[in-house]
Every structure is written in C-alpha cells, then in structure tokens.
Participant: 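This is the structure, below, for whatever I ask next.
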2 protein chains.
Amino acid sequence: MSEYILVTGGAGYIGSHTVIELINNGYKVVIVDNLSNSSYDAVARIEFIVKQHVPFFNVDLKNYEELNKVFQQYKISGVIHFAALKAVGESTKIPLDYYENNVSGTVTLVKACKANNVHNLVFSSSATVYGDVTRFGDNSMIPIPEHCPMDPTNPYGRTKSVIENILKDVYNSEESAWKFAILRYFNPIGAHPSGLLGEDPLGVPNNLLPYLAQVAIGRRDKLSVFGNDYDSHDGTPIRDYIHVVDLAKGHIAALDYLKNIEQGKGLYREWNLGTGKGSTVFDVYHAFVKAVGKDLPYEIVGRRAGDVLDLTANPARANKELKWEAKLSIEQACKDLWKWTTENPFGFNVENYSWTTFESDGNYDNRLHTFTNGPLTVKLANRGALIQDIVFNGERLVKAFDNGDDFKLPTNPYFGTVVGRFANRIADGKFELDGKSYQLTLNEGPNNLHAGFNGFDKNNLLGPVVKFNDGKFTVEFLIVDQDGNDGFPGTLETVVKYVIDNKSLEAEYEAHLVEGEATIVNMTNHSYFNLTDEANTNGTEVKLVSDIMMEVDAKSLLPTGKFIKNEKVTPNKPITLDDDAFFDYCFIRDEAGCGIDTRSLPVVPVFSAEHPKTTTRLTVLTTEPAFQFYTGDGVNTKGFGKRAGFCLEPSRFVNAPNHKEWAGQVTLRKGEVYGTIIKYAFEKK
Amino acid sequence: MSEYILVTGGAGYIGSHTVIELINNGYKVVIVDNLSNSSYDAVARIEFIVKQHVPFFNVDLKNYEELNKVFQQYKISGVIHFAALKAVGESTKIPLDYYENNVSGTVTLVKACKANNVHNLVFSSSATVYGDVTRFGDNSMIPIPEHCPMDPTNPYGRTKSVIENILKDVYNSEESAWKFAILRYFNPIGAHPSGLLGEDPLGVPNNLLPYLAQVAIGRRDKLSVFGNDYDSHDGTPIRDYIHVVDLAKGHIAALDYLKNIEQGKGLYREWNLGTGKGSTVFDVYHAFVKAVGKDLPYEIVGRRAGDVLDLTANPARANKELKWEAKLSIEQACKDLWKWTTENPFGFNVENYSWTTFESDGNYDNRLHTFTNGPLTVKLANRGALIQDIVFNGERLVKAFDNGDDFKLPTNPYFGTVVGRFANRIADGKFELDGKSYQLTLNEGPNNLHAGFNGFDKNNLLGPVVKFNDGKFTVEFLIVDQDGNDGFPGTLETVVKYVIDNKSLEAEYEAHLVEGEATIVNMTNHSYFNLTDEANTNGTEVKLVSDIMMEVDAKSLLPTGKFIKNEKVTPNKPITLDDDAFFDYCFIRDEAGCGIDTRSLPVVPVFSAEHPKTTTRLTVLTTEPAFQFYTGDGVNTKGFGKRAGFCLEPSRFVNAPNHKEWAGQVTLRKGEVYGTIIKYAFEKK
C-alpha cells in the first residue's frame, strides 16, 4: 500500500504549489480542503501539471468523522497542514470563525492523526506570530530569529501562535512519538511558472503584489503606498518576499528532515522560511513594473496603523538544518505573477463557466462543466472528455444522458465521448508495427472497437484547465494512457482541447509518446446529433462533402481497401434522413490520406445538417481525410433508441494499421506529435 | 416566556453551587453538562435543595447542533460557562483533549450565543493563567492584580488564557454587543452547608483539602506536605483559599454587573475571585483537623516542581466593582467539607447503586434507580417515586412495566406508585375544611380517586438523594404539590424516603404545608405483589392481622361508616387466594384511628404472604391504622391482566375527610407534619 502525504488546504495558494513540489519529489498526495476560500479548479490544474490523479476530499477539518475516513482510506505517512483562514483584517471582524477553523480545526486534525498513528506534521505558521519585533527597541530581533518571542497583534496571528502552543503541548505529552515542523512564512509572492496556478484573492487583495497585479490589468485604479517616510533607502517599509515555489520547496525539506529523524525520537522545531533579504515596497513595485513593461499608477498615502519599518527573516536555521534556501528572485516572482495574471485575469474564476459534480457519489474526478458564450452553451464532462450537451439559441443539438452515472451503462453507445487512443475497428485486434505484431483486446466480436475495454471513454480525463481570452473559452483535458493498456504499445499523453466561441465548438487532439518507440493513434468524437427534441432524426437534411466511401466487408464490417461510390449521396446535395436512410460508412474526403499531424491543414467543412422544425444549421469541419457517418441504428440504451441521433466522426482511414498504404496516417513515433482538429459550427438558418 | 441563565458544566463542583445561588437569587437556570467529569446526581441534589425542577441537557459543547437546540428551546439571557477539563497534571498528558473540550468547546458555545443573540457571558477562568508570578522578582505582583500578564505554565492554564484571548477578540469585533465577565478563581474549597453537594474528585485528589478529607475518612494513608522550608510563618506555601459558596456568589455579582451595563455598551473585564488572605498548608491542615476533631497523619516531603511561595489574590477590583467579597472562613469551609465527606464518603458515587434513564426520550427527570443490598434488589423510578421492582434471592416479587413509557398508559393500574396527596376515594370529590368546602377533580365516575388527574403518580419526583450508611441505602425523593392542583388546598411539600437494607424496603412519607392554612393528606404505596412469575396470584397464602373491615356501599364503593367482619378472614390464619377469593376492602387494624403523624407509633405487621412454589415470605408492616387489601381484579393493561398481583395499602380510613370522627387522621395544618411508615420485609421461608 502506497504511502501518502495528506495536505490540508491543498487547493490554496501555498498548498497547491507545495502539492506540485511533493509530487515532483516522488511523494504521493491526498488533498483535503473545504474549498471555503479556494477553488477545486486549482486541484484540476495541479493534476494537469503533474499529469496524474491526486485524490481530493472536500472535507472540513472540523468534521472528525469525515476526516477520519480519509485517514482510514489511505496510508498517511505525514501531514502538511495549510488549511486556515488567513486574512488579518477579516480576522478582527469575525474572530470566532478564525478560532473555529484554525484552532478547532487543527485540534481535530491532530486528534485524527493520533487516532491513526500519524505523527509527522508540518505546520503552516506565519511570521505574523512575532508581532511587532521593533518592540524590543534595540533591533536585536531584526532580522527575526526563531527564538524571538511570539506576540501576535491580531486574531489571525493569535490562531497561529495558539496552534504552535498546542502542538508543543502535544509534543511534550509524548516526546518520543511526535515530529512537528513549524514553518513560519514571511511574505509569499509569485506564481507557478506554468501560469496555471497562483494566488486568487477574493475581494480586494490585502497584499502588495496581488493588488499591483490587479492595477496592471485594470481591475484597480492605483496602488496606495502606505508611507514613504520610513528609514529605508527609499522611505518605504522593508519586508521579506519569498517566491511561493521556494516556499513550497521548504515544506519538502522539512518533511524530509522529519523523515530522517532517528527512530524513537521526536521533534518540535520552528523554522523561518524567508529569504533573509529585505525589499522595500518600491523595490517590489519596480520589479513588477519591469515585468509588466509599463509604469503603474500609485499614490503615497499615510502610514498604516501597526506597520513597522523592517520585518525581514533570519532564515539561517532553515538554511543550515533543512539544507534549504530561497533561490528565486523578486524579478522571477514578478514575471511569474504577471504570466499568471494575464492568462487568468480573474484567477480561477472564469465568468460564464461553472461546474457541478456529475456522479451520484459526488466525486470530483468526473464533473460536468458548463460554458456559455452568447447563444451557445456547451457542457463537457471529464469522463472521456465527453460533450454532454450543446445548446444553440435554446435548441439542444445532441443526445446524451443527463445523469453522469448512466455513462457507465454497458449499453452506452459512446455518447459524446472522445474516442481514443484508437477510433473505429481494428481487424482481429491485430496490427504490426516495426516488424513486431501486437494483439489488442477484442471487445466487439473478433475486433477491437474504439480502443477496447478501457478506452478514453471509460476514463476521467484530468483537468480541465479553463481560460477565457479574446472572446473564447479554451478548455484543456489531459490523459496519460499507459503502455500496454488494451494491448497498445507506448505510454501516450493526450491533450484534448476545446475552444468555444459564440458559434462553434472546436476540438483539438494532440498526443505524443512519453514512453515507448511507436504506437498507433486515431481519435475522434462520438457525439450523437439530433437537431430536434424528437426521439429520432427523421426529417433531418444532411449534406456530405463526398460520395466516396470505403467498401466494407458485409460480414466483418471492415474495409476491403477499395473506395466505392455511395449511390444515395451526391456531394453537397441534401439528403433527408428517413427510415430507409441507413448510414454507417467511412467517407473519404481526401484519398491521399494524411500525415500524423493534420493540424496545419485547412479546417474544411465535410458535413452539414438542418431540420425543418428547428432553426440551427450544424456544420462539421475538420483537418482529417475521412469521416464516418453513422445514423445511430444500433442505439438501444436507457432513454434512447434506434436513430436517437447521428454521428459524424472525422478521422483517419478505418483499420489503417492493417493497410500498408494507410498505416502512416496513424503511426506515431517517439518525438512526433499526433494532431487533429474537429470543429462543430452553428448558425441560424 | 421566562428568561433563563444557561450554565455550562452546571453539574460540576463550582457549577452546582452556582446554580443554587442563581436560583436563590431568583434566576431560572438551564444546565448543560456532558457529565464527562461530573455526575447527574449533583443535579438531582440541586433540585432537591432548591425544591424545583432545573432543566438539564446532557450535551457536549462541541456539538453545535445539540447546543443550538437548547438555545432555541429556552429564552437565554446570559451564560455562565464552567464546562471544562480542569486537572493540571492530566492536561500535560492529554493536551489535545484539553484544547478540544475547553477551547473548541468555548468557540462553539460563543458561536451558539452569537447565533441566538445572547451576548452576556461569565467565563470561569483561573488564577492559573497568571503562571509563576514570582517571575517578576520584586513581589510587585503579590497579591496578584488583574493586570498581571498571563503566562500559564501548563496546558490547562493555556486553555484558559487562550479562551480569555478569544473572548477579548470577539469583544473587540463587536464592542457594543458583547459583555464578558472573566472570573479568575483562586483555590475553591468547602462544600454546600446542606452536606448534599461538594467536590467529587475522580482518582487521587490533586488539591490539599479533598486529599486531606480522604485521609480523614481512611481512603488515603497520610497527607504529603510538599516542602516546609518556604519563607512563610510555618514554612509551607501560601495560597488563597475561597469557600465555594462565596465563589458561587461572585458569579451572581458578575451577572448582575453585566445586566446593569448601560444599553448599547459592551464590556470585557477580568475579576479575581479570592479572599485576599493567604493561608499556609498548615493553616488549612489545622483548620480541618479542628473540624474533624482528631489529628491526621502527614509527612513532609520535598518541594514540588513549579510550586512557589505565595499566590494570593488581590480581590480589590471585584470587591469594589462587583460589590462582592468572600465572607466565609476557612474554618467554615472545613466544617462544610467534613459534613459533605462523612455523609458522602465516596462523593456522588454510591456503591451498588446505579441508574439509567427510563423513558424513550432519554430525559433525566424520570430515571430508574437500582439498589442492591445483599440478596435484595430494589428498583425505583422518579415518576411517582414508584417501586418498579423488588427482587429477593433472585425472586421477583412485584409486577410492573419494564418500559418506563408504559407507565403513562391510561390503563396503568397505579403500578408501584406512591399515591398522594390523597389515596383512595373521596366521595363526590368533595370535602369541608374549617367551614370551607372544596371540590376536587372527579376522575373516577362521581368520585376523586388517588388524588385525581395529576396525582403524584403522574409526576416525576425530584431527586433522589442517595446515601449509604450503616448497611442501608437511604433514598429521598421530593415533590412540591402546588396549591389548587386537582382542587386540593395548600402547597404541600412531601419527602418520600426509602430505606433499603438487605431484607426490607421501608417507605417513609413526610409532608408539610409550605403555603396555605390546612389541607388533607393520606398517602400509601400501590405496588402489585406476586410472589411467582405467573400471570396471577392464585395459590398465594396470605394472612391478615384483622378481620374487621369497613362496610362499603355496593354502588358507590364508599364506606358507610360502619365496621363489619369479613367472613373469609380469620386474623393471622392463612387464606389461599383462588378465583373466588375477591378482596378490595379497607381492613381496620386500630378502630381508634390515629393522629396526623403516625411515625412515632410502633411499626407492626399487618399482612404476610407466601406461595408454595417460591421461597420468599413477604410481610407488610406499618404505623397506619388501616390497610386496603385488593386482589387486583381490575387490572387490564399492556402485559398484565386480572389478578396479576395484589395490593396491600396501609393508610388512614377511606374517605376520612367526609366522616367527622375520622377527619383528624388526614387534616394537616400549617406548622404540622404528616408522617407515615410502610415497610416491606422479606425472608426466606
């Protein structure tokens, strides 16, 4: 049974960065967060960055029963405890909430630790516990050492000092059992260099840089500088700003330190996490202005009550004992913050995007994400990165289950899902690659269909990373398909990216091997379109760009290798679907086929549909050389029957791996990138 | 709607004494206590002392939902918050429990206060928060003033200082709303002068006097005196000992002070509750020795770590602002402690006595109390002070419901209950007293039977106070029957006292008027005896002391006033009960009748019973002049039918108020005492 580090508050600013460093350092992580002041989107992005699933529980620390369940479900070897309310100003207004969440929550957590024999805990404390160190008068406590007495000046700081005392009392009660690392943070700044994670303050930011960032993107007018008459080189107060990634790494150092304590010995020890280098408000201002590339408005106002000249850490103890030091500059922090800010101007909060959990067990791995862009609403789920719904001008255009659990029904006809790593049939589930033959699982009679028993459609993709820029949502899901899954060679990493503007939904699939030399790839989407709310698609008028299709062996349903004309189709002429209009054929748009990445090719229309009873015209566009048109005759599942919808699936040639002249379309080698684009465009007739 | 003071920890040592003072000062009280370190028996004794019901909830402060229900059920105008773990030594071993109970519990309590708009709170703090005040070196903090900085030296003390800080932060967050009185106790000693309440330490007492008390009654060998080389008049350390009743009164003073604060103003203020007079260990020792009347062994041992010379309060602030001062001497405290100790050598814990709640709603007002004394086990319930069971040598001797709820069935034939204030029938529910005529409720046809609709049998008696001395349990219940209840004049206070040795159960009823000039009283017990486990009493051999009975009018069932012979009875000769042996007659033991209090008369046998199938002989003895013998022909209730048991009910003459020559037996006047004894003796044939 793997050992996990439990991270409380792992969806928060410092917590999320620390989870990434933990995973980068080979730890497995379970996150517990009540999301009261953070966003699950941060967790989704963590997963996207580390490319693996991170178990998450929306549990409040005050709920002992729920918390204890997490401890019992995972083998926890240590805890990093971030979860806390943390706004100084707010703490003076609602102190009870602060004591309840921070103090009572920690007591419950430590109780659960004790009950489950978990004795290693890294506690997220704060330099706030030192209070006003200028009270000593003689600068004996600047830079601030760990032995400086605690004397916090606000309820938030008091919750931290109370917790430190509690942990110390707990340590004293069983000295040989407990190992407590108390990390006192100075001023964390910056963001993850990926631009995917950063601080997401609610309301008006309390801290200098988040405020300045909002000035930079126009959410705030100007920065207020509280006093320029301090005894520093430019008159503004000096603080110790530390890059959040450096700070995160301090936790790994502390955890490793606890791990290496001799068996049978305990520890209670405090470490400052700071740079040891003070910077003034103007130092930070100038660094950020440089990152932004333009001056930002500010105003000198009076000193703020309680502010003092200098609060710089003495980090010598952590440097020496934890073998850790802050390495990233303020300039780097400003650069990373600016990237985070420009790419996520409203943090994790993207307007007109919302999600709910989608399965009855309420797990967060499969959520239903709703995007609204003008007349277009799209709903996507993590499972198979599927399209659960498309509504345009109030008209629902696809058929799929409304209940997330139902997608697991064995009769689910691949509603809306991305099909991968390999769409359509592979004859006998067999193919040869570089002289080696592979046997895939056979999930449809003698063949492998849509990748087998554990294709993308059976998995929850990681993410999504959602952004909104230039009038469009981008929504990125990620899946790492392991070497050997369903018999496919090589570990394949795939990003499914949706772009949603106010009249189209574009899907882009990009994949590459992260292990192995070569594999085969062919992806598409399996949405069932029905332009009406009726039970079948009769009356729909469709146009196909081509009347050439693959000849299929009537028994095996596999291509013979020949192209033939479909007599019912005239290119770009309407066909009305009726009871006789059966299609389940692969039409050829470009007989020449294609290379492994079609994304540089023009995105061309291959199909359109409309219905006399409704107002929307659907056009399917793609860079792919072929497309399956399927009238859905085989649908027979909960709530949906024959011809409930039709599928239009752009892709490579069917069974390409087993046709030498087509195999190049689907063979992906190490270092190469598979890519394709499928776009659904909507217009009012 | 009445206003209540919510007292948390009201079953504890200081809490229970404070509840009494509150009620003595006209407050109404709701007690919340989780009984984790206290006993409900303290609440039962509070009720016995104050002669009224005090609502009690076994609720843990950490359970917000349950706590909130109490707030919603009563209109709470203020809170006195005692509930806490309080042992210094224990707190160093299980600090988490201390922080959880004391700190988290208080946070939840204040949250509930806030949610229910209750803003007055008196907090039970401790002089422990001051820590070692000799740290200031110059005696500037002795006697200790409230401005002495807090620096507790153990987790218990830290929970108190943390809570003070939390309350201060809460006050600061809404200064005009909150009124907090912080009471810092010095060393509470003594007990309630009634001897019914006192400190009941679990395990080895930590404090001087409780320890000394246990030495005095032989539970401990000798007192250890920790150091006699301090700089005091006798070399032992000086502390500020305060009588618990004085301390309790300090809470009333604080509550009154909060009440009188100007509308729209808040308060956060600390007050020392101490005498201001230091006493050495030997001073206290000698005072207690004087109370006990004999020397007690002690031994001088080394100083105890952390002990200091002098911890005396400066109570000037409380004296002045609260107009309160400690008045009772150490001598008085020692005397009260010694009374408490001798009358309750094991505190509330009486061996071979246990209780459970008896009704399905789990309320504490009606509990089932089990007493075992050698071969005899007796079970009593608060409802009607009823005898639910008597078991002798393993043979169950009475019939009654096992489920407490069932006693409320309308068909309950008065199983086991004390019948009061007036047993048996009163013709037409009418009588005259001092020329005034009274109409009682008519609950049996045209008559009043067994006091009416709301007799003792329908009420939960207060208490019991249970003691065990000289081989006997004494169990005292109390009921205050209000003037006008069921039409009876005068408020009657009755104590039902059971004495249980290893072969008998004696019931003594004592009643007097607390309001009104005169009333009528006639009490008995309505147990149904059956010496077998069979469904009826056939085969039982009974002997009656008399064959003279009251003649009864066949229609009205009321005495004609004549005495007649019962032909089936020969005095002291056995009669075998069979289907024909019907009895429901009042036999006369002494035609002369009696006065209002028969207890000084000999307790004589009037009836005995045995059964060939079982081994126990029952004898009923009494001081009463008559006894009803009833074969239970009217029984028809859940689980029990005709003749399930027989009743033998010693009492005054039936319908005595309406027979001039008998009325003196039952007329109770102001200043007089009604009394009677009924005894059930058991022996092996």
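Because the structure is a prediction, the values reported are computed rather than measured. Side-chain atoms are counted along with the backbone in the values below, which use heavy atoms only and exclude waters and symmetry mates. Reminder, nothing fancy here: chain letters follow the sequence lines and each chain counts from 1.
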Participant: Report, in residue-number order, which members of residues 84-97 of chain A are under 4.5 Å from chain B by heavy-atom distance.
Facilitator: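 Residues of residues 84-97 of chain A touching chain B at under 4.5 Å: A:Thr92, A:Lys93, A:Pro95, A:Leu96.
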Participant: For chain B, which residues from residues 155-171 of chain A have at least one heavy atom closer than 4.5 Å to it?
Facilitator: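 Expected list: A:Pro155, A:Arg158, A:Val162, A:Asn165, A:Ile166, A:Asp169, A:Val170.
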Participant: At what distance, to the nearest 0.5 angstrom, does CD of A:Glu100 lie from OH of B:Tyr64?
Facilitator: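 Rounded to the nearest 0.5 Å, the CD-OH separation comes to 9.0 Å.
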Participant: Which of the residues B:Val110, B:Val103, B:Asn154 is involved in the greatest number of heavy-atom pairs with chain A at under 4.5 angstrom?
Facilitator: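 Most heavy-atom pairs within the cutoff with chain A belong to B:Val110.
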